[in-house]
There are 2 protein chains.
Amino acid sequence: MENIKSETCRNGVEASLEIIVGKWKPIILLHLLHGGTQRFGEMKRLLPNITQKMLTAQLRELEEQDIIERKVYAEVPPKVEYSITEYGRSLYGILQQMHEWGVSHMEHMAKKNSR
Amino acid sequence: MENIKSETCRNGVEASLEIIVGKWKPIILLHLLHGGTQRFGEMKRLLPNITQKMLTAQLRELEEQDIIERKVYAEVPPKVEYSITEYGRSLYGILQQMHEWGVSHMEHMAKKNSR
DNA sequence: CGGGATCCAATCCGATACTG
DNA sequence: CAGTATCGGATTGGATCCCG
């Protein structure tokens with residue numbers, strides 16, 4: 001954070017946000033991080049409220065950014081598997097820290113609203 | 001991250017995202033973290049492209065979430081100062097980690113696109 | 001000086017239907 | 001099974017004008 005005038009801080013933070021912002025991206029990443037490789041249909045079952053369109057779109061963006069890998073099997077019926085890349089795993093620390101801060105923040109706001 | 005079935009991970013991460021997502025929130029937080037207390041007009045000068053409406057809106061949200069403090073002086077002309085709360089400072093680690101990951105990610109994508 | 005109110009454009013997201 | 005295409009509502013962000 002030594003270089004605020006050149007705005008590398010801001011740009012760095014926003015580059016990270018681009019990856020993890022999206023209505024379904026955090027939970028997609030968490031499922032792949034914890035559950036390993038999964039098929040499209042499995043993911044859809046794990047995210048009961050997502051539409052196919054959104055699932056496809058978010059997976060495509062994460063793939064484009066090298067965070068997940070998409071593997072297509074030339075079979076009938078089609079089979080497509082998604083997994084976290086090694087590079088994608090480097091996001092784990094951020095998600096972990098956000099999770100911890102977020103949980104304590106939810107408690108903080110609960111207290112505030114009960115006053 | 002032990003408890004994925006109950007989705008506390010997801011909720012925690014999304015609670016954090018609610019705070020730092022917003023076109024101008026990260027840079028507002030960085031300026032207040034590094035530069036200390038600042039007046040509305042100073043912030044507007046530091047963020048040359050922001051509109052008054054957006055600056056006001058983002059500051060109000062951060063205030064509502066106890067991340068920043070708004071102090072109004074009963075003077076003419078009006079004077080309003082904004083500062084990070086002690087609680088808001090607890091976000092520093094997340095922003096720092098996102099900055100570091102983001103900078104290396106920008107390098108990663110630059111390499112990818114030059115191939 | 002530090003806003004509030006209003007209008008408008010762009011983007012995001014969901015629902016639904018169709019397909020190799 | 002794993003998508004694509006299309007429509008429309010909701011949300012987000014910008015431009016402009018007004019106010020104590």
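Chain naming here is simple, since letters A, B, ... match the order of the sequence lines and numbering starts at 1 in each.
- Rounded to an integer number of Å, the gap from B/I28 CD1 to D/dG13 P is 11 Å.
- Under the ring pair (Phe, Tyr, Trp, His ring centres under 6.0 Å) criterion, A/Y87 pairs with B/W101, B/H105, B/H108, sequence neighbours left out.
- Atom CD1 in A/I50 sits roughly 14 Å away from atom C1' in D/dA2 (whole-Å rounding).
- C/dC13 atom P lies 9 Å from atom CD of A/E61, rounded to whole Å.
- Applying the ring pair (Phe, Tyr, Trp, His ring centres under 6.0 Å) rule to B/W24 yields no partners; only residues at least two apart in sequence or on another chain are considered.
- Distance B/Y73 OH to C/dG3 C1': 18 Å, rounded to the nearest Å.
- Per the geometry, CG belonging to B/L55 stands 13 Å off P belonging to D/dG13, to the nearest Å.
- Along DNA chain C, the nucleotide closest to B/P77 and the one closest to A/W24 are compared, and the more 5′ of them pairs with B/P77.
- Atom CD of A/E42 sits in a crowded spot, with more than 12 heavy atoms from other residues, nucleotides or ligands closer than 6.0 Å.
- A/Q58 places its CD atom 10 Å from the C1' atom of C/dC12, with the value rounded to the nearest Å.
- Within the 4.0 angstrom heavy-atom criterion, no nucleotide atom of any strand lies near B/K44.
- The distance between atom CZ of B/F40 and atom P of C/dG3, rounded to the nearest whole Å, is 5 Å.
- Surrounding NZ of B/K112 are more than 12 heavy atoms belonging to other residues, nucleotides or ligands, all under 6.0 Å away.
- Rounding to whole angstrom units, CE of residue A/M54 and C1' of C/dT16 are separated by 16 Å.
- Picking from C/dC1, D/dG3, D/dC1 the nucleotide with the shortest atom distance to the side chain of A/Y82 gives D/dG3.
- Taking 4.0 angstrom as the limit, A/R39 places none of its side-chain polar atoms (N or O) nearer than this to OP1 or OP2 of D/dC1.
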Could you go over nucleotides 4-12 of chain D and give all protein N or O partners under 3.5 Å, atom names and distances?
residue : atom : partner : partner atom : Å
D/dT4   : OP1  : A/R60   : NH2          : 3.4

With a 3.5 Å cut-off and sequence neighbours excluded, list the donor-acceptor pairs that the side chains of residues 12-19 of chain A form with protein atoms.
residue : atom : partner : partner atom : Å
A/E14   : OE1  : A/R10   : NE           : 3.0
A/E14   : OE2  : A/R10   : NE           : 3.3
A/S16   : OG   : A/G12   : O            : 3.3
A/S16   : OG   : B/M98   : O            : 2.6
A/S16   : OG   : B/G102  : N            : 3.3

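- Residues satisfying the side chain to side chain contact (heavy atoms under 4.5 Å, CB included) criterion with A/R89, sequence neighbours excluded, are A/L33, A/I84, A/E86.
- Scored by the side chain to side chain contact (heavy atoms under 4.5 Å, CB included) test, B/K79 finds B/R39, B/Y73, B/E75, B/E81 as partners (sequence neighbours excluded).
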